[in-house]
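Take a look at the structure below.
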Amino acid sequence: MQIEVAGKPVDIAEDASCGEVLKEGLSKKQFKNVVVAKCGETLLDLTTTVPADCTSMEPVFADSPEGLDIIRHSTAHLMAEAVKKLFPTAKVTIGPSVENGFYYDFDYERPFTPEDLEAIEQEMQRSVGADKDFSCRVVSADEARAEFKEQGEDYKLELIDDLEEDNYSIYSHGEFADLCRGPHVARTGMLKAFKLLNVAGAYWRGDENNKQLQRIYGTAWATPKDLKKYLHQLEEAKKRDHRKLGTQLDLFSFQEAGGAGMAYWHPKGALVRTILEDFVTKEQIKRGYELVRGPQILKRDLWETSGHYENYRENMYFTEIDEQAYGVKPMNCLAHMLIYNRKLMSYRDLPQRYFELGVVHRHEKSGVLHGLLRVRSFTQDDAHILCRPDQLQDEIKGVIKWVQDLMGLFDFTYSMEISTRPEKSIGSDEDWERAIKALKEAMESVGLPYEINEGDGAFYGPKIDVKVRDCLGREWQCSTIQVDFTLPERFDLTYIGEDGERHRPVMVHRAIMGSVERFLGILIEHYAGAFPVWFAPVQAKILTVTDAQKDFAEKVLQFFREKGIRIEADLRNEKLGYKVREAQLEKIPYMFVIGDKEVEAGCVNVRVRTGDDPGLLSLEEAAAIIEDAATQPFKDGGMSYSFST
RNA sequence: GCCCACAUAGCUCAGUAGGUAGAGCGCGUCCUUGGUAAGGACGAGGUCAGCAGUUCAAUUCUGCUUGUGGGCUCCA
């Protein structure tokens with residue numbers, strides 16, 4: 001019998017295992033790093049007998065994405081073994097691999113402590129040292145039930161009942177056996193690079209009505225070197241954390257006295273924000289939007305009409321004025337609809353595109369707040385497009401283009417998904433179908449890949465969500481495009497068509513940055529605080545060598561200020577090296593050093609934060625460099641912008 | 001909201017077997033006039049997050065509250 005291994009034919013015995021076949025077909029060194037076998041799309045344990053229909057087999061190496069997944073999953077089992085050994089009354093639940101690692105959820109009478117984690121990790125190391133074999137057996141549903149019932153593993157019983165399979169595979173190593181689809185590494189000795197990271201609460205099956213379990217997270221890699229590299233990366237990422245940089249660069253803070261989830265913008269941070277908002281606002285106008293503004297609070301019955309009261313109440317703040325109930329706006333759409341409704345619209349007036357940097361308040365659960373990325377009060381670059389059905393496609397495409405342009409400007413990588421109807425929602429099934437179809441068609445016509453996120457739409461309509469990652473790899477939603485047939489109906493929005501009849505416009509809710517706060521948080525992490533010249537709060541800093549240059553430095557300062565360049569001067573009685581260091585830590589793009597030489601020449605000596613050193617330049621030349629650096633990103637993106645004071 | 005952890009000077013952190021606290025940086029004054037990542041001296045600065053309780057005595061122990069961090073659930 002012959003089988004192809006990694007492209008070359010190998011003779012094998014009738015009942016050979018996958019491991020034996022791969023060992024035959026690969027060099028000794030290669031085989032050492034094989035975790036499982038791959039036959040077609042199926043992953044098989046090395047101990048599994050080669051299936052009769054398998055004609056070619058590929059090795060899955062430890063450092064491949066699939067291999068790492070196996071290693072992490074197996075490490076989760078290894079951890080469960082250790083936990084059961086140290087805490088026999090703990091009940092096991094599920095333990096999958098996740099990005100960069102794994103977790104396992106346990107039900108135990110007391111919380112695990114950091115010391116417990118250390119003990120667990122040591123126990124895991126012992127098991128690795130013992131190099132126990134992983135083995136798999138397939139049993140009937142009844143046998144599986146009997147086995148886990150005897151062990152008191154109630155959660156496993158629940159899983160068996162839910163899966164409703166005829167047979168189940170059970171993976172064991174040493175004393176530990178777990179209901180599991182597999183596959184796994186052959187021996188515990190292959191798991192040589194892992195670390196337990198933290199404990200967290202997690203609901204059984206992700207449902208907050210269920211019991212809360214204890215989840216232990218860990219990371220696992222193919223080699224200790226990879227593990228070390230990953231842990232180092234984590235450390236580096238922490239340095240870019242926007243919360244840390246926000247303090248270091250004096251951009252913003254959160255004030256305990258003022259309440260959770262609400263940012264306070266310091267002078268530098270507020271300036272960065274203002275520039276971003278200014279750019280986005282001007283760009284909206286160029287793209288055919290009109291600026292509007294609505295109030296912060298609207299009468300409660302309006303929120304009832306819109307369905308917010310019914311579907312979004314727990315996220316809203318309410319207040320009372322003159323015995324009249326009001327709701328603080330969590331979204332801007334209501335005001336925009338009222339503005340649309342101020343007069344009778346003609347089909348010629350459409351589309352109406354209303355843009356507002358709207359401040360919204362949402363009562364987010366206390367546990368979800370996270371720096372600028374998840375707050376209770378934030379500003380959306382929000383717009384509502386009211387258009388005729390025949391205009392819908394072009395409008396969506398226009399928004400997608402704008403999203404692409406903005407993300408491109410910052411060189412963001414992002415993922416897109418279409419979110420469908422959630423449980424709590426309003427509107428007819430047909431409208432939902434129509435709206436989803438419109439979004440899909442637009443995405444497909446632009447040729448963008450997308451995922452479907454079932455049940456995650458807004459309560460009034462489906463949406464395209466654009467997600468960007470933070471420094472720790474967590475994804476955050478930024479842009480959103482939502483098609484809505486329902487709210488125009490609820491507010492009886494109409495326009496007079498060519499036929500002289502009243503028609504219903506379609507509404508597109510959309511935000512490009514999403515939340516200014518969140519977007520800035522991600523920008524801070526993306527640039528590690530070293531903002532591009534166009535929105536750096538301070539673009540250049542003058543550093544004098546001694547106070548003899550003070551007068552000239554002040555003239556230079558004035559010169560650049562008049563040019564609209566954001567510049568500061570460090571005239572303190574300190575050494576140059578000290579001033580350079582400080583400006584470098586402030587991540588200021590340009591430093592202008594002024595000593596006697598420069599005064600004499602009427603020049604500045606330019607130092608760039610990247611380490612480049614253009615040297616002695618005239619004031620005009622230096623200004624040109626900055627202006628160039630500030631406008632270049634827009635030229636590259638086919639746009640134009642400059643902030644002026 | 002739930003689980004766990006944490007909260008000491010503007011920042012980063014030490015510390016107290018329960019006897020009201022310390023460093024570095026920053027800040028102020030003075031000396032130093034120094035050419036590309038930290039010159040020196042002196043000084044100011046803290047209801048040890050808040051409120052209760054235990055105690056002769058609480059920053060330290062206990063409880064609650066507030067806030068923060070890591071997750072879960074939920075969402076821009």
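Within every chain, numbering begins at 1; the chains are lettered A, B, ... in the order of the sequence lines, protein sequences first and strands thereafter.
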Which part of the nucleic acid does A:Q584 contact within heavy-atom distance under 4.0 Å: base, sugar-phosphate only, or nothing?
base

Hey, does A:E598 reach any base, or is it just sugar-phosphate, or nothing, if we go heavy atoms under 4.0 Å?
base

Check this one for me: any side-chain N or O of A:R607 less than 4.0 Å away from OP1 or OP2 of B:A37?
yes

Give the rounded distance in Å between these two atoms: CG of A:N315 and P of B:U73.
17 Å

Would you call the rings of A:Y309 and A:F318 parallel, tilted or perpendicular, where under 30° means parallel and over 60° means perpendicular?
perpendicular

Could you identify the nucleotide paired to B:G10, looking across every strand shown and requiring Watson-Crick or G-U wobble geometry with both distances under 3.5 Å?
B:C25

Less than 4.0 angstrom between a side-chain N/O of A:H370 and OP1 or OP2 of B:G70, yes or no?
yes

Of the nucleotides B:G34, B:C75, B:G35, which one has an atom closest to the side chain of A:T546?
B:G34

How many whole angstroms separate atom CZ of A:R273 from atom C1' of B:A76?
13 Å

Rounded to whole Å, the NZ-P distance (A:K211 to B:C4) equals 12 Å

Report yes if a side-chain nitrogen or oxygen of A:R572 is closer than 4.0 Å to either non-bridging phosphate oxygen (OP1 or OP2) of B:G26; otherwise report no.
no

Please find out if less than 6.0 Å separates the ring center of A:F519 from that of A:F412.
yes

Which nucleotide wins on minimum distance to the side chain of A:R362, given the candidates B:G70, B:C75, B:C4?
B:C75

Just call it for A:D465: base, sugar-phosphate, or nothing, with non-hydrogen atoms closer than 4.0 Å on any strand.
nothing

Heavy atoms from C-beta onward define the side chain here; which of B:A76, B:G26, B:U73 lies closest to that of A:Y578?
B:G26

Rounding to a whole Å, what distance do you find between A:N210:CG and B:C2:P?
17 Å

Looking only at B:C27, B:G34, B:A37, the nucleotide nearest the A:L585 side chain is B:A37

Gap in Å between the two P atoms, one belonging to B:C72 and one to B:G15, rounded:
32 Å

Measure the distance from NZ on A:K244 to C1' on B:C13 and round it to the nearest whole Å.
11 Å

Taking only side-chain N and O atoms of A:R474, does any of them lie within less than 4.0 angstrom of OP1 or OP2 on B:G71?
yes

Rounded distance in Å - CZ (A:F254) to P (B:C6)
23 Å

When you measure from the side-chain N and O atoms of A:R243 to the phosphate of B:G69, is any distance below 4.0 Å, counting only OP1 and OP2?
yes

Should A:S366 be listed as having a side-chain N or O under 4.0 Å from OP1 or OP2 of B:G1?
yes

Indicate yes or no: at least one non-hydrogen side-chain atom of A:R518 is less than 4.5 angstrom from one of A:L372.
no

State whether A:R374 places a side-chain N or O below 4.0 Å from either non-bridging phosphate oxygen (OP1 or OP2) of B:G69.
no

G-U wobble or Watson-Crick pairing nucleotide for B:G69 (cut-off 3.5 Å, both distances)
B:C4

For B:G35, the Watson-Crick or wobble partner whose two distances fall under 3.5 Å:
none

Does A:Y104 have its ring centroid less than 6.0 Å away from the ring centroid of A:Y217?
no

For B:A58, which nucleotide in any strand shown is its Watson-Crick or wobble partner with both distances under 3.5 Å?
none

Measuring to OP1 and OP2 of B:C74, would you say a side-chain N or O of A:Y203 lies under 4.0 angstrom away?
no

Checking contacts here: which listed nucleotide (B:G39, B:G34, B:A76) is nearest the side-chain heavy atoms of A:D547?
B:G34

Rounded to whole angstrom units, what separation is found between the NZ atom of A:K365 and the P atom of B:G69?
18 Å

Please state how far atom CZ in A:R581 lies from atom C1' in B:G35, giving the value in whole angstrom units.
18 Å

Side chain of A:V580 only, heavy atoms from C-beta on: which candidate in B:U36, B:C72, B:G34 is closest?
B:U36

Under 4.0 Å between a side-chain N or O of A:K463 and OP1 or OP2 of B:A76?
yes

What's the closest nucleotide to the A:Q212 side chain, out of B:G71, B:G34, B:A76?
B:G71

Using both distances under 3.5 Å as the test, list the Watson-Crick or G-U wobble partner of B:C51, or none.
B:G63

Identify whether any heavy atom of A:Y103 sits under 4.0 Å from a base atom; if not, whether one sits that close to sugar-phosphate; answer base, sugar-phosphate or nothing.
nothing

Of the nucleotides B:U73, B:A76, B:G71, which has the atom closest to the A:V375 side chain?
B:A76

Among B:C2, B:A76, B:G70, which nucleotide has an atom closest to any side-chain atom of A:A200?
B:G70

Does a side chain donor of either A:T219 or A:N100 reach within less than 3.5 Å of an acceptor in the other side chain?
no

Just checking, is any N or O donor in the side chain of A:W204 or A:Q212 under 3.5 Å from an acceptor N or O on the other one?
no

